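Keep in mind that what you see is a predicted model, and the values were worked out from it rather than measured.
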Amino acid sequence: GVDVSFPIHHAHVSSNFAWLEHNTDPDVEVPEEYQEMPIQPLGDRNEFYRDFLQGCREAFGNRGARCAQTEIDRIEMSLRQPQSMENYTEV
């Protein structure tokens with residue numbers, strides 16, 4: 001799914017861990033915050049992503065704010081790009 005291993009469409013990844021009660025017991029209703037959120041089998045990828053951005057900021061020092069802006073731009077492009085694609089095999 002999208003936003004499980006790394007942010008693709010949102011600035012965070014799924015926190016719907018497989019071990020949560022609503023994922024292990026079919027009788028437990030899925031809380032609203034987890035509805036439509038894919039199950040996260042990879043652990044705390046949000047922490048991984050925060051560490052990734054922090055490492056970027058540290059590496060670029062005074063220009064580290066660019067890291068967050070670049071991520072915002074990347075995520076926005078991921079949402080925009082598919083709708084502008086053209087399938088030329090059928091033209």
Side-chain angles (χ1 to χ4, degrees):
V2 175
D3 298 325
V4 174
S5 61
F6 206 76
I8 302 298
H9 289 167
H10 302 93
H12 59 277
V13 294
S14 175
S15 58
N16 188 13
F17 302 112
W19 50 262
L20 292 173
E21 188 175 22
H22 64 269
N23 290 325
T24 60
D25 185 346
D27 295 328
V28 174
E29 188 174 328
V30 176
E32 187 175 329
E33 68 183 288
Y34 295 114
Q35 292 182 6
E36 305 299 322
M37 186 184 290
I39 293 178
Q40 174 56 272
L42 303 174
D44 191 352
R45 298 298 290 180
N46 279 309
E47 181 179 2
F48 174 85
Y49 184 61
R50 285 189 301 272
D51 291 346
F52 167 79
L53 284 177
Q54 183 61 33
C56 181
R57 286 189 289 269
E58 290 171 4
F60 286 96
N62 292 338
R63 296 179 297 179
R66 293 180 184 178
C67 298
Q69 187 59 52
T70 299
E71 281 297 289
I72 291 168
D73 294 344
R74 181 187 63 79
I75 291 168
E76 287 176 355
M77 182 188 68
S78 292
L79 294 171
R80 262 192 333 266
Q81 190 174 21
Q83 65 191 4
S84 66
M85 298 307 292
E86 180 74 36
N87 183 352
Y88 290 105
T89 60
E90 298 177 10
V91 175

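Interatomic distance, CD of Glu29 versus CD of Gln35, reported as 7.0 Å (0.5 Å rounding). Tyr34 OH to Ser15 OG: the interatomic distance, rounded to the nearest 0.5 Å, is 4.5 Å.
Grouped by direct or indirect side-chain proximity (heavy atoms under 4.5 Å, Ile/Leu/Val/Met/Phe/Trp/Tyr only), Met77 sits alone. As a member of the Ile/Leu/Val/Met/Phe/Trp/Tyr network built from side-chain separations under 4.5 Å, Val4 groups with Leu42. Through direct or relayed side-chain contacts under 4.5 Å between Ile, Leu, Val, Met, Phe, Trp and Tyr, Ile72 connects to no other residue. Other residues sharing a hydrophobic cluster with Tyr49 under the 4.5 Å side-chain heavy-atom criterion for ILVMFWY residues are Phe6, Phe48, Phe52, Leu53, Ile75.
For Phe17, the ring pair (Phe, Tyr, Trp, His ring centres under 6.0 Å) partners are Trp19, not counting sequence neighbours. Listed by chain and number, the residues in a side-chain hydrogen bond (donor to acceptor under 3.5 Å, both in side chains) with Asp44 amount to none (sequence neighbours excluded). Checked against side-chain hydrogen bond (donor to acceptor under 3.5 Å, both in side chains), His12 has no partners two or more places apart in sequence or in another chain. Under the rule for a side-chain hydrogen bond (donor to acceptor under 3.5 Å, both in side chains), Glu76 has no partner lying at least two apart in sequence or in another chain. Partners of Arg50 under the salt bridge (Lys or Arg N to Asp or Glu O under 4.0 Å) rule, at least two apart in sequence or in another chain, do not exist in this structure. Taking Asn16 as the reference, His22, Asn23 meet the side-chain hydrogen bond (donor to acceptor under 3.5 Å, both in side chains) condition, with sequence neighbours excluded.
Residue pairs that meet the disulfide bond (SG atoms under 2.5 Å apart) test with at least one member in residues 10-45, sequence neighbours left out, do not exist here.
The local environment of CD in Glu21 is sparse, with at most 12 non-hydrogen atoms from other residues, nucleotides or ligands closer than 6.0 Å.
Among all heavy-atom pairs drawn from Asp3 and His9, the shortest one is OD1-N, 2.9 Å.
Cluster membership check: Val13 does not share its hydrophobic cluster with Ile8, using side-chain heavy-atom separations under 4.5 Å among Ile, Leu, Val, Met, Phe, Trp and Tyr.
Under a 3.5 Å cut-off, the side chain of Arg45 and the backbone N or O of Gln40 do not form any donor-acceptor pair.
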Table please: side-chain donor-acceptor pairs of residues 60-70 below 3.5 Å, with sequence neighbours left out.
unit_1	atom_1	unit_2	atom_2	d
Gln69	NE2	Asp73	OD1	2.9
Thr70	OG1	Arg66	O	2.8

